Every structure is written in C-alpha cells, then in structure tokens.
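Each chain gets a letter, A, B and so on, in the order the sequences are listed, and its residues count up from 1. These numbers come from a predicted model, not from an experiment.
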Amino acid sequence: MKNIRQINFLKLRASYGIVGNANIPSGQYFANYQVGGVGYNGGSTSYLNSIGNPDLQWETLKNTDVAVEFALFNSRLTGEIAYYHKASSNLLMQPGLSPSTGTGDIYRNLPNSVIVNQGLEISANYKVLQTKNVKWTVGGNIARNKNEVKQWELGPDAVSGGTNDTRVIEGLPLGVNYLVRYYGVDPKDGLPIWLDANGKQTKTFSLDHRVFAGSVMPDYIGGFNTTVEYKRIELSALFSYVIGGSIYDNSGKYQFMGVSKKDWNFREDFVDHWTQPGDVAKYPRLTYDATNYPGLPSEDQFNSTMFLHDASYLRLRELTLGYRVSPGLIKRWKLKSLRIYATGSNLLTFTKYPGGDPEITRDFENPQDRNLSPNVTYLTAPTQRTFIFGINLGF
Amino acid sequence: MKKYILSILTSAIMLTGMVSCKKFLERPPEGQLTEEENFKTEADLSAFSNGIYTLLGDADFYSGRHQVLTELLGDEYKGDRFTGDYSEIFRRQNSFFGGTRDAYYKKGYRIIVDANIVLKHLDLANSEKNRIEGEARFFRGLAHFELVRLFAQPWGFSPDNSHPGIPIRTELSLESLNRSSVKDVYDLIITDLEAAGNLLPDVPANGKYYSATKWAAKAYQAKVYFQQNNFQKAFDYANEVIASNKFMLDATFDKRFSLGLSKEGIILISNQVTPNQYNPGGELRSSFRSDLAIPGFTFTDQFYNIATARAADLRRAWYSNSLQSGYNVLTKYNKDFFDLPLVHLTEMKLMRAEAGAEAGGANLAIAIADINELMTRAYGGTAFNLPLNATAALVISTARAERELEMVGEGNRTQEIKRIGARSGLNVDRRNSVWNCPGFILQFPKAEKDANASFMLNPEGGCF
C-alpha cells in the first residue's frame, strides 16, 4: 500500500467494549432514611426518602466502533468514515412502579428491555485550490443516528420524557411523539377532527386515540463549510442542517388559546383559524377554554399532531469576512500582524417550523428527560444572532 | 532490618487500605441512613411515627390538597378560574394524566407505607408499644378511608359493595396490586381504626391534641360509619367522643382554624414556629384565601345566596362579595397561620344529630339538643332552634343544611352528595349530576395501569 501514491494517510481503528452506565446517582442500592430537619410536637422525626433496591446491577452497554481516517491526493482530501453500534440492556431506570407502593421512584433494572443506537458519520475536507493568491477549501459532514427500542417490558406511558412529552415504545425510536392525530377542521362548525387509533375520523378527543406520530430524533444531521482566501482577503461560511424528525411545540397548545384562562400571548401563525361556516382553515375555531372541544378533559391534555412540525432546517451558522493588513504597512507600528474581520452567526435559517427557532435546546435537569425529549419546545429561548467586528493584533 | 520493617509496614497499610476501601465503597452516601440504622431503638421508631404527622399535614394531603380535590368535585364553586387538573376534576372528567392528583394519591400511600414500616419494626417498642402501634393503625386506616372515598364510588354504590375500591396495602411491598372491593377496603379501615381506638392513649402525653388519641380513632370511625349510612354505629362512636368531655364546642363559630384558640379539635396538626417551623394549611390558604388576591375557588351566586340567606347567621362573616369585587369568596382561611384540625367536635355534633335522628327513638332528643346547640351559636340566639318535638325528618334536613354551612371549604360537601345519594337515591347535587356518575370520582394515575396491565381504571366523565 505504501506504493499507492494517491494515499497519503490511512488509518483503520476499531474498538469493542462492554461498559456500564455511570450516570446513575450513588447510594441507590441502600434504603434512604433521613433524620428530619424539623421536629414535630416536641419530638424528633425521621423520614423515608427511598426504600432502595439491593438487587441493582450494572446496566450493560455493548459498544462497537469502526472508523477509517484518510488523507488522499497529496492530502488535498482528508476525512473520516465512522460507524458505531451501542446496545444497552438491563437498563437502569426509575419507571413503572405502581404509585400505590407508596415508596416513590426507585432505580430498577429492566432485564427484558434492549435499546440499540447505531450511526454512521462521514466527514471530509477538500482543498479545491491551493495557489499563491487563491486558496479554497470545502468540507462537510453528515451523520445518521438511529436508535430503536428493540425490546420493552413496560406500558407506553411508563417512561416519559420531559414534561410528559415523549414515550418509549417497542419497535420505535427512543423518545417518540405519542399523540392524537389531528386531521383538520370541520368547515361546518370549526371543531377539530381527530383520527382515532384505527385512523377513523372522530370529533371526540380521547387520550385512547394516541398513536406513534413522530420521532424527536432527526434522520440526518450535519454541516458544510467553505473558505476562500484571495491574497489577504478571506471569506468563510459554515452551514448546519437537520433532515427529518419532528419538533413538538408544547407551548403552542397554550399560545393557540391566547388570552384564555391561561392568559398567554396569541401567536401569529395561528391566525389561519376557522371563523365562520364554510371556512377552510388550518386551525379550528378559537376557544377560551380548550374543553369546549368535545372530549378534551383540559387544556393540558390538548396534545396532538396539530402542534407537531417537521424539524428539518438549514442554517447559515457562521459567515466571516476577514482582511490581513500587509506587513509593510504595519511595520512602523511595531506590529507583527493585524487582521480585521466581521463575523455574523445564525444569519439565515430555512425551515418550515412556524414556532420560531427550529434548533431546540431544552433545559431539563435529569438525563432521562434530556435524552427522551430533545426536540420538544416550551418557550425555549431561540439561538441568538450575533455580529462581531474584530481586530486581531500580533506583537 | 529497617527496610524489612518498612516493607511489612507498607504491606500492612496497603492491606488495611484495601479493607477500609471496600467498607468505604459499600456504604450509603453521607446523611443517608439504611433501614437498620434508622430503626435501632424504640425512640427511633417513635421518631419515624412522629414524622408521619407531618405527612398528614403535607400540602399534598390534609394541608389542603385533600380538601381541594374534594371541593372541586362539589357543587358550590364557579370553576371559571380553574385550569389543568383542577379544571378536569371540577368538570367531573378527570383523565389519567394529572400531576396534582397523582401527588395526592402517592402521598396517601406514602402515609400507608410508612405506617406499615412502623408495624414491621414494632418489636423495637417497649413501653410505648401501644401508642406506636395505635398510631400506625390510625394512619393506615385514615389514609385508606380518604383515598377510597375519592378514587372509588361510595359505599352503597352496589348492593354488596363489591364494586372496585383501591389497592389495600398492609405491608411494604413493591408488587403491583389490583383494586380491592370497597367492602374489603372499609373492612380494613374499620379493623384498623377499632384497633387504634383500643391502643391509643386517652389523653396525649403532653396534653395537646397534636397527636392521635383513642378519640381521634373513634371520631374517624364515626365518620366511616356515617359514610356507610350506618347510623346507629355512627351515633355510638360520635357519642363516645362527645361524652369523653375532652373537647369543648368553641363559644364562637370562628375559632376552629386558629392558633390554639379552639378546644374543638379532636386531632390537629400543630402550627410550629422557629426553630421547628412548620405551618400546616398552606394549600388551603393558597386555594381559598381571599384577602390578598382573587382565589381560585369562588362561589356560585346560587350557593353564596344560600349561605348568606339568613341575616342573623354569624357565619355570614365567612363570605364576601366585596373583598374581591365581582367574586364570591370564602374568608375562613384568611389567616397567615393556624393549627389544622383534621376532625372536630362540630362535625361530631352534626353527625350525632343526623345519625340520632336517623336512628330514632331516644336518640332523637339528643339529636335535637345537638343541632340546637350549634344553631344557637351560629345565629347568636335561639330564634332558629328546632322545637323539642321536631320530627326526625326536620332534624335530618336541618343537620344537613347546617353541616354544609359549618364545614364550608373543609372538603365536606361532595361526600355528602354521595352519602345522601347512596342513602336514598336522592340527587342533591346543584349541578344536576347523578350522585354515582362515573366522573364524580378521581381517575387513578396512569402509572398504575402501566405497571400492571390488569389494573382497572375508572370510567371518566358522564356526569353532565
């Protein structure tokens, strides 16, 4: 292989390991009693926090990695292709205990549940031009991460992510949207039409109509970048993108009702709603109280595909224009280098998502919520757009 | 030689290090006690039992959530300010997701499981054994009673009460359990309260009724029998409590929720100031308190008019339609702090009156005296008192009306609608639901079903 001139560098790496999951709080094995901080009626108190679980075992994660790194054609093309496969079994979670046990949540192993994560990640950089005056490189990466709940031993609502947003269901990706499907508006009365679990139209909402309606995990994520240098001017751009997956707009259900019992602000994109018989609208007639829609027990249960959106987007993450002042000019200021630049981040976003920023970062405290509900918004702050003008000095 | 000693020493240190390392790793984190560590002496057991009182006084239980959930199902409130869980329950259409309801359910079972833990370690008890066991049986019976009344159709819903109740928990176990019949649940409640009544002391050690005595157990037992429309037993137990002479009717109607001013409380959760600050009743105040903001709970005009109909009624002070303009509000809980009575003498008198009239015979005269005592206090004189030859029917209807007025905001009315419905098929609900409609009870947390596919959830809605 040494003799193949086109190949400058080639590395194959692979690993296999069986590891546990250290992301579990300590002391869960033991019962947790605690002396009360506050006495009662002149006597001391003590409390049970958790009964503990002496049968706890390590979660098993079988991890396989294979990757090829390469540099070709005088190192003009560099890159990496990587594949991983992670199978978690004997999962350690806090689900599924009957609340009437009275003991609160405890960590348990789920011996009959298996979750598989696998993915392929490709990245490459190519130096298109390398002349004295012009330098141009392009690069990009794409990753396909796929997970699947291979076996699952609990009911569909036993483990939820976030604020009751997503579910874990056998045969589906981890963290799926389990929602009543919204079919459209009845032009006669403006009431929503739903699909029941069998796909039959109904105007009566029921939590029993919920089905798998989307996954909060995208199909592909990645980015691409390019840098052009001409003499002392440089221009670079970085794009990032997401293809597939869903965003669940959890605050939308309240914003839709606007100035109602909840007193939220009404959102512009809901203007396309039914107002009079014959209207063909995207959204049903407005209501002060969501329970005016037949069968809906409360506004909190108003979860449906009405608020589920395509998560795909393309974003110009960063654009930089720079100029390096010639050494001759700056010599008398006793400087070695001087660079002036302007950078804008998040300047452009192309998305069908109506609720603002499609790049969702949720702020859940515990990892289970973060893992299961990454793409569920609840007034999530948008990524900021910034402009930076800068000068780099070198002495 | 020196070298030799040094290596022995090093090895010894390393060895000890390894042993203690194992010990270091196999212990609970700082401040966390294992079951063995927490239960070593009778005092430990007593402390754990003492902690259960603060669970009774928890926001998710008697500090308000219990009363609030019961009041929501009732017929006195307007309901236009309720959202989420509260709105569902008020609409008598509670669904299986609902964090507030779930928290109440879990707290009830936490009380039960803690009582079971006390009973499991009862062999630690010596001189205090009767009291500690009695408390545990009292807590367990009481929590089952409150839960079965909210999550299952009432006693009398089916002729033999074989309709589904709630899971019965008599030992610490992680197993999922199905619902027992309402009859079996009530059997357990009565057995527990009867035992508690025999085991608990006559007077509390410190003379304050901030802990359970036999009278608390008997008062709850009277409530249980009354809920079953078992009038003779309800009369007998209420009578025992009243005849104990441990409790006195307050001279005025407004002392029941106060800081130590009431002599009515048969068991109260104590309000405590620093260093052991503990203030029960917070959830009642945040739901009903009307002097600081418009509360979530506001009365319908219909009920407000009923409650304030008689100009002489001193209890009219419990209502206002001017404090928050445009809203009919309760003023009973417009206080920063109070001791929280769980059961009180007014309720016992009301119960003895109605049960006495129902049972008839010599009890009727006692019933009339009871109701007149309360009416004299409420109306500032005898103008509305019943004649000494009042009929049983008049005593019953008067006792029911006075009960609603006396115990407004205390989680009373809903259970009365059901009890009266079960008693005679009468629907007294002002919102025109049938007393046994499905949505008149709470739905179970969905987690019960997820943990146990055979768990039977309640039907929902169907009340309007």
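B:Leu174 touches chain A through backbone and side chain together, each having a heavy atom under 4.5 Å away. Only the side chain of B:Phe39 comes within less than 4.5 Å of a heavy atom of chain A; its backbone N, CA, C and O stay farther away. Looking at B:Glu36, there are no atoms closer than 4.5 Å to chain A (heavy atoms on both sides), in backbone or side chain. With a 4.5 angstrom heavy-atom cutoff, B:Gln93 touches chain A via backbone and side-chain atoms both. For B:Leu172, the part lying under 4.5 angstrom from a heavy atom of chain A is the side chain only. For a residue to count as touching a neighbouring chain, one of its non-hydrogen atoms must lie under 4.5 Å from one of that chain's; by this rule B:Ser270 touches chain A with backbone and side chain alike. Of the two parts of A:Asn49, only the backbone, made up of N, CA, C and O, holds a non-hydrogen atom closer than 4.5 Å to a non-hydrogen atom of chain B. For B:Glu175, the part lying near chain A is the backbone, with the side chain staying farther off; criterion is any non-hydrogen pair under 4.5 Å. The part of A:Asp208 that comes within reach of chain B is its side chain, from C-beta onward, which places non-hydrogen atoms under 4.5 angstrom from that chain. Of the two parts of B:Ile168, neither the backbone nor the side chain holds a non-hydrogen atom closer than 4.5 Å to a non-hydrogen atom of chain A.
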Legend entry - A:Ser100 vs A:Ser98, side chain to side chain donor-acceptor pair (under 3.5 Å): CA-CA, chis, key distance, verdict: CA-CA 5 Å; A:Ser100 76; A:Ser98 290; 4.9 Å; no
Inset, instruction - Using the ring pair (Phe, Tyr, Trp, His ring centres under 6.0 Å) rule, take A:Tyr182 and A:Trp194 through it: C-alpha gap first, then chi angles, then the decisive distance, then the call. - result: CA-CA 5 Å; A:Tyr182 171 63; A:Trp194 315 102; 5.8 Å; yes
Inset, instruction - Determine, stepwise, if the pair A:Phe302 / A:Tyr293 fulfils ring pair (Phe, Tyr, Trp, His ring centres under 6.0 Å). - result: CA-CA 10 Å; A:Phe302 188 32; A:Tyr293 298 140; 5.6 Å; yes
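Electrostatic pairing of B:Asp85 and B:Arg101 does not count as a salt bridge here, judged by no charged N lying under 4.0 Å from a carboxylate O.
B:Gly265 approaches B:Pro341 most closely through the heavy-atom pair CA-CB, 4.4 Å. Contact between A:Glu299 and B:Ser87 at its shortest, heavy atoms only, is OE1-OG, 4.5 Å.
The residue among B:Ala447, B:Ala47, B:Ala451 with the most heavy atom pairs within less than 4.5 Å of chain A is B:Ala47. Between chain B and the residues A:Leu207, A:Leu97, A:Leu296, the most heavy-atom pairs under 4.5 angstrom are made by A:Leu207. When each of A:Asp157, A:Thr45, A:Val38 is scored by its heavy-atom pairs under 4.5 Å with chain B, the top score falls to A:Asp157. Listed options B:Phe455, B:Phe97, B:Phe444, B:Tyr105 were ranked by heavy-atom pairs under 4.5 angstrom with chain A; first place goes to B:Phe97. The candidate with the highest count of non-hydrogen atom pairs below 4.5 Å against chain B, out of A:Leu154, A:Asn53, A:Thr103, is A:Thr103. Among B:Lys208, B:Lys107, B:Gln272, the residue making the largest number of heavy-atom pairs under 4.5 Å with chain A is B:Gln272. In terms of non-hydrogen atom pairs under 4.5 Å with chain B, the most contact-rich of A:Ser50, A:Gly102, A:Ser206 is A:Gly102. Listed options A:Val35, A:Ile106, A:Leu48, A:Ile51 were ranked by heavy-atom pairs under 4.5 angstrom with chain B; first place goes to A:Leu48. Chain B forms more heavy-atom pairs under 4.5 Å with one residue of A:Pro25, A:Ser298, A:Ser46 than with any other, namely A:Ser46.
Each of A:Tyr47, A:Tyr33, A:Tyr40 was evaluated against B:Phe48; a single residue qualifies, A:Tyr33, per the ring pair (Phe, Tyr, Trp, His ring centres under 6.0 Å) test.
Taking the centre of each ring, B:Phe90 and B:Phe82 come in below the 6.0 Å mark.
At least one test fails for A:Arg210 against the ring of A:Tyr178: distance under 6.0 Å to the centre or angle within 45° of the axis.
Put simply, CG on B:Leu177 and CD1 on B:Ile166 are 11.0 Å apart, with the number rounded to the nearest 0.5 Å.
Side chains of B:Asn458 and B:Glu460: no donor on one and acceptor on the other come within 3.5 Å. Judged purely by distance below 3.5 Å, without hydrogens or angles, the side chains of A:Gln151 and A:Ser113 never pair a donor atom with an acceptor atom.
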